[in-house]
Colleague: 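Can you keep this structure in mind? I'll have questions shortly.
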Amino acid sequence: MTMIRDLTNDFQEFGPLAAAEYWQCRAGQVLISLEAGTDEQRGILLNEGEGFDIASGKTVYIRATGDRPTWVNREVTA
């Protein structure tokens, strides 16, 4: 398991992923997208406790929303 702490309000890029992973918002709220772009509102909104399966080979773009501390856990599933 890998923890990403203190995400910023700017999209950060992770990947491409070497294996399938499950990403879960553990604190705060995040936007997670599998598409590059300039739209800062793109992606799927994850609240604390919600997660998302991501296939290997995908590049993940993720950012915090709001002014709360934000953490995300990443765990390899395959």
Side-chain angles (χ1 to χ4, degrees):
M1 174 178 58
T2 301
M3 174 102 45
I4 303 168
R5 292 185 183 269
D6 301 321
L7 283 167
T8 68
N9 286 331
D10 297 315
F11 274 103
Q12 296 173 44
E13 181 179 328
F14 297 87
L17 302 182
E21 295 185 11
Y22 183 75
W23 289 47
Q24 183 184 40
C25 180
R26 297 302 300 265
Q29 190 177 58
V30 298
L31 279 171
I32 187 169
S33 178
L34 302 178
E35 297 178 5
T38 58
D39 179 2
E40 290 299 306
Q41 298 305 314
R42 72 184 186 275
I44 297 166
L45 183 66
L46 295 180
N47 294 298
E48 190 172 318
E50 296 176 334
F52 191 75
D53 284 306
I54 303 171
S56 66
K58 295 290 186 181
T59 298
V60 180
Y61 303 88
I62 191 166
R63 74 175 189 88
T65 61
D67 295 326
R68 297 182 292 171
T70 304
W71 333 335
V72 173
N73 278 352
R74 300 171 53 180
E75 189 161 336
V76 173
T77 59

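Note that the structure is a prediction, hence the values are computed from the model and not measured.
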Colleague: Is any side-chain heavy atom of Leu31 closer than 4.5 Å to one of Ile62?
Modeller: no
Colleague: With sequence neighbours left out, write down each residue that passes side-chain contact (heavy atoms from CB on, under 4.5 Å) with Asp39, or none if nothing qualifies.
Modeller: Gln41, Arg42
Colleague: For Thr70 and Ala64, work out which heavy atoms get closest and say how close.
Modeller: OG1-CB, 3.5 Å
Colleague: Are Phe11 and Leu45 connected, step by step, through hydrophobic side chains (Ile, Leu, Val, Met, Phe, Trp, Tyr) whose heavy atoms are closer than 4.5 Å?
Modeller: yes
Colleague: Tell me the closest heavy-atom pair linking Val76 and Ala19, and the distance in Å.
Modeller: CG1-CB, 3.8 Å
Colleague: Do other residues, nucleotides or ligands put more than 12 heavy atoms under 6.0 Å from Met3 CE?
Modeller: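 Yes, the 6.0 Å shell around CE holds more than 12 heavy atoms from other groups.
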Colleague: Within the 4.5 Å heavy-atom criterion, are Glu21 and Thr2 side-chain neighbours or not?
Modeller: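 Side chain of Glu21 against side chain of Thr2, heavy atoms only: no contact under 4.5 Å found.
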Colleague: So, the side chain of Gln24 versus the backbone of Gly49: is there a donor-acceptor pair under 3.5 Å, distance only?
Modeller: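 Yes; judged by distance alone, with no hydrogens or angles, the pair exists.
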Colleague: How many angstroms lie between CZ in Arg74 and CE in Met1, if you round to the nearest 0.5 Å?
Modeller: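 Here the interatomic distance stands at 12.5 Å.
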Colleague: Please evaluate residues Val30 and Phe52 with respect to the criterion side chain to side chain contact (heavy atoms under 4.5 Å, CB included), reporting the C-alpha separation (whole Å), side-chain torsions for both, the decisive distance (0.1 Å), and the verdict.
Modeller: CA-CA 11 Å; Val30 298; Phe52 191 75; over 6 Å; no
Colleague: Taking all heavy atoms of Tyr22 and all of Gly51, pick out the closest pair and write down the distance.
Modeller: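 Looking at all heavy atoms of both residues, the shortest contact is OH-CA, 3.1 Å.
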Colleague: Which pair of non-hydrogen atoms, one from Asp6 and one from Pro69, has the smallest distance, and what is that distance?
Modeller: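 Looking at all heavy atoms of both residues, the closest pair is OD1-CB, 4.4 Å.
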Colleague: Evaluate Ile54 against Thr77 for side chain to side chain contact (heavy atoms under 4.5 Å, CB included), listing each step before the verdict.
Modeller: CA-CA 9 Å; Ile54 303 171; Thr77 59; over 6 Å; no
Colleague: Give me each pair satisfying side chain to side chain donor-acceptor pair (under 3.5 Å) with a member in residues 56-65, each pair once, sequence neighbours excluded.
Modeller: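 Counting only pairs at least two positions apart or across chains, the side chain to side chain donor-acceptor pair (under 3.5 Å) contacts touching residues 56-65 are Gln29-Thr65.
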Colleague: Does some side-chain heavy atom of Val72 sit less than 4.5 Å from a side-chain heavy atom of Phe14?
Modeller: no
Colleague: Could you walk me through whether Glu50 and Ile44 pass the side chain to side chain contact (heavy atoms under 4.5 Å, CB included) check?
Modeller: CA-CA 11 Å; Glu50 296 176 334; Ile44 297 166; over 6 Å; no
